[in-house]
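These notes concern the structure reproduced below.
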Amino acid sequence: MNSLLDRLNPPQLAAVTLPPAHALILAGAGSGKTRVLTTRIAWLISNRQVAPPGVLAVTFTNKAAKEMQTRLAAILPINVRGMWIGTFHGLCNRLLRAHYRDAGLPQLFQILDSADQQASVKRLLKSLNVDDEKFPPRELCHFINAQKEQGLRAAAVEAAFGYTDDWARKRVGLYEAYEAQCQREGVVDFAELLLRSYELLERNEPLRRHYQERFRHILVDEFQDTNKLQYRWLKLLAGGGAALFCVGDDDQSIYAFRGADVGNMADFEREFQVQNLIRLEQNYRSHGNILDAANAIIKNNPSRLGKNLWTEAGSGEPIRIYESYSDGDEARWIVEEIRALVREGHARAEIALLYRSNAQSRALEHALFNAGLPYRVYGGLRFFERAEIKHALAYLRLIANTDDDTAFARVVNFPARGIGARSLENLQDAAKAANSSLHAAIPQVAGAGGVKLAGFAQLIVKLREAAHLPLPELVDHVIELSGLRTHYKNEKEGQERLDNLDELINAAASFVAEEGTPNQDGEITGEFGNDLSSFSSDITPAALVFTETVQPMLASFLAHASLEAGEHQAGEGDDALQLMTVHSAKGLEFNVVFISGLEDGLFPHENSMSEDKGLEEERRLMYVAVTRARQRLYLSFAQTRMLHGQTRYNLPSRFLDEVPDELVKWLTPRAGKGGFAVSSAPTFTSAPRRSESSGGSGFRIGQSVMHAKFGLGVIVNAEGSGTDARVQVNFGHAGMKWLALSVAKLEAA
DNA sequence: GACCACTGGTTTTTT
DNA sequence: ACCAGTGGTC
């Protein structure tokens, strides 16, 4: 068993073998964080400090949870799938399924993903005759989720903030109405999973005691990404004396924009009087120059817990910086560079192209496509989010729960069966009057619309009669009987959608194979199975009973579809270049990394400047991007870039200035502080449309200029001529200014 | 109910 | 530039 600890460095070893007390592990990028977590669990179990059911391990993504399980299974001779290792949402789902009654939910409650939630809010606004211009569904969802993530119900929002005006009051009212609608429909959104299970544990003392006593060791991955509610959830579960082992890196906190609160790290340290603070600073991933650059960049952030990565590897290659005239030129240069790398023997899959925002992938894809280089873009539409899949799932959801109005509204007229807006309006009115679901209100609708609706109700009855079929057959049956298959067969470009629907049947089959296989004791123990064996049976005996007609696998499969939208994408496994945003690159590593579009306004993003601490988060994002690279790192920027159909002129990113000169090799003449080196004369592309030449002043759009007060800038626009000539200049730090040429003393820079 | 023109809105994203 | 969603017409 000592071999388990053999290859750990001293701080890693210390972390893994800590006594059962609270601990905060500050784990830098590439410092072996996942390894420490899994080894810690394995060590605890093999040293009999805790039995497998006493461990609770939480991650953010399914991928991380799966990786932890796989690694553990390789070390320990136990059934890992029965352990409580999962995402916050997955574990909360498990908790709520087991105690649905105590949580006030129907047994087969459905989970709304973000799109479902928005559709649900939209429907709510419509039924209440609320102007969706005043309350955009998107923003309302954001508001509702933010409140839930603070642990605030609608009633509590008022108590917490009071109402400043009618609009605020109305907004909270809508939150309340949304809660009521979800409750009536028996659906929960993502944030609700968390809040509901938090409230369940908080209010139900025997249940809380049960879990507090059960979990002796709680381990948290990516702790810096937890929001307030998740932290409170952890505190509640650890309230019975469990040891909380939190691993995180404040420098890699890049999700504040969706509620993550790095402050949780400091709070944890203080509130739990953490005596064991361990820093993992030795990096096993990157060469020295890359690490030095990352350290130099992140050093500019004032509020850090403090940490400095080092490596035993040599300094390696310099960081290469390239300036190009346009985004297209940048992409073409990247293609050439990649060709050379591949010739030198680099695997394409080991080369990553990172960018700040998805819109930037277009130019890169264009160039890669023309060059015939295989690539894979991450972050597109996921399998379970495709329209045809969501349609099929909606039918399945109606089998599980006819009150699910979101599912109902989605497919009542898809494929088209002549139920128009008119009939639906009547139905909605009837449902509202009876305070019932849309399905239940069908008999109230008279006329031709009523007949057609009754036909749809009949279809649901037929589908429900098949609910006992094995899951894959049920899915197949639903696709057939609903008319989806026929619909897509008749559609000109429906073949891909048909293939996807077949893939859904396959997914159901493999889900049954993986999750539904009973173990020796005949229990279903997968993440989405109802792991009831682990609960003391006196608490929820009722949870063992399933609705007779509906098989448990269906509910589990639907939860699986919502919680794990799936990275089911083409080209997986091929030797393809990896294209993704910096956000989605977190946790990954590559031999060669290109970070493109390093321009002020893009990266750091202009929207971040107005936000409090926005620039710091952007800098952490840059830190994450840089630390993805093992051997070679390229940074590139362009003077002009097409965005939203307009050419934009940006200055080089301030982050470039933060990389020490001695680590860098400029592939183009070095740009001055905050300006361009290469005068905008394009060397390998046609000149851009120069709308005006600023009244013959000698300045042109795209030119770098120096101003006594504002410093360096780029001319982005011009109007007027002669003494009236004015130019608009982007000064980066100092912002965008209109200057009269006759007054402002501008010099070409 | 199907098709086409117009509008608005585009940071990052998991669950 | 480009998508999605909407409102008009047939």
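Naming convention: chains lettered A, B, ... in sequence-line order (proteins, then strands); numbering from 1 in each chain.
- Residue-to-nucleotide proximity on DNA chain B shows that, of A416(A) and T581(A), the 5′-proximal contact is made by A416(A).
- Here dT15(B) presents its C1' atom at 4 Å from CZ of F190(A), a figure rounded to the nearest Å.
- We find that CG of N145(A) is positioned 15 Å from P of dT14(B), with the value rounded to whole Å.
- Under 4.0 Å is where a charged nitrogen must lie from a carboxylate oxygen, and between K122(A) and D132(A) no such pair does.
- Distance Y355(A) OH to dT13(B) C1': 14 Å, rounded to the nearest Å.
- Heavy atoms of K586(A) sit nowhere under 4.0 angstrom from any nucleic acid atom.
- In this structure, L112(A) reaches neither bases nor backbone, as no heavy-atom distance under 4.0 Å exists between it and the strands shown.
- Following rounding to the nearest Å, K126(A) (NZ) and dG5(C) (P) show an atom-to-atom distance of 13 Å.
- One interatomic measurement links the two molecules: CD of Q117(A) to P of dT14(B), which rounds to 16 Å at whole-angstrom precision.
- Listed nucleotides dT14(B), dG5(C), dT11(B) differ in distance to E618(A); the shortest reach to its side chain belongs to dT11(B).
- Y255(A) comes within contact range of the sugar-phosphate backbone alone, with a heavy-atom separation under 4.0 Å but no base atom that close.
- Between the side chains of E67(A) and T34(A), no donor-acceptor pair of N or O atoms lies under 3.5 Å.
- Atom CZ of R641(A) and atom P of dT11(B) are 15 Å apart (whole Å).
- Between the side chains of N264(A) and T226(A), at least one donor N or O sits under 3.5 Å from an acceptor N or O.
- Taking every side-chain heavy atom of H605(A) into account, dT11(B) is the closest of dT11(B), dC2(C), dT12(B).
- Among the protein residues, S114(A) comes within range of the nucleic acid bases, having at least one heavy atom under 4.0 Å from a base atom.
- Of all nucleotides listed (dT15(B), dT12(B), dT13(B)), dT12(B) comes nearest to the side chain of R356(A).
- Distances shorter than 4.0 Å separate some side-chain N or O of N62(A) from OP1 or OP2 on dT15(B).
- With salt bridges taken as basic N to acidic carboxylate O contacts below 4.0 Å, none links K33(A) and D249(A).
- Side-chain proximity of M642(A) to the nucleotides dA1(C), dT6(C), dT14(B) is greatest for dA1(C).
- Contact check, R382(A) against dT14(B): a side-chain N or O comes under 4.0 Å of OP1 or OP2.
- N358(A) comes within contact range of the sugar-phosphate backbone alone, with a heavy-atom separation under 4.0 Å but no base atom that close.
- Under the 6.0 Å distance and 45° angle rule, R171(A) counts as a cation-pi partner of F143(A).
- R648(A) places its CZ atom 14 Å from the C1' atom of dA1(C), with the value rounded to the nearest Å.
- Considering only the side chain of S584(A), dT13(B) comes nearest among dT13(B), dT15(B), dT11(B).
- Side-chain N/O atoms of E330(A) and S636(A) include a donor and acceptor closer than 3.5 Å.
- The nearest whole Å value for the distance from the CG atom in L621(A) to the P atom in dT12(B) is 11 Å.
- Residue contacts for F257(A): at a heavy-atom cut-off of 4.0 Å it reaches a base atom on one of the strands shown.
- The side chain of K122(A) contributes an N or O atom lying less than 4.0 Å from OP1 or OP2 of dT6(C).
- Residue R362(A) has its side chain nearest to dC2(C) when only dT10(B), dC2(C), dT14(B) are considered.
- Of the residues near DNA chain B, N413(A) and I254(A), the one whose nearest nucleotide (by heavy atom distance) lies more toward the 5' end is N413(A).
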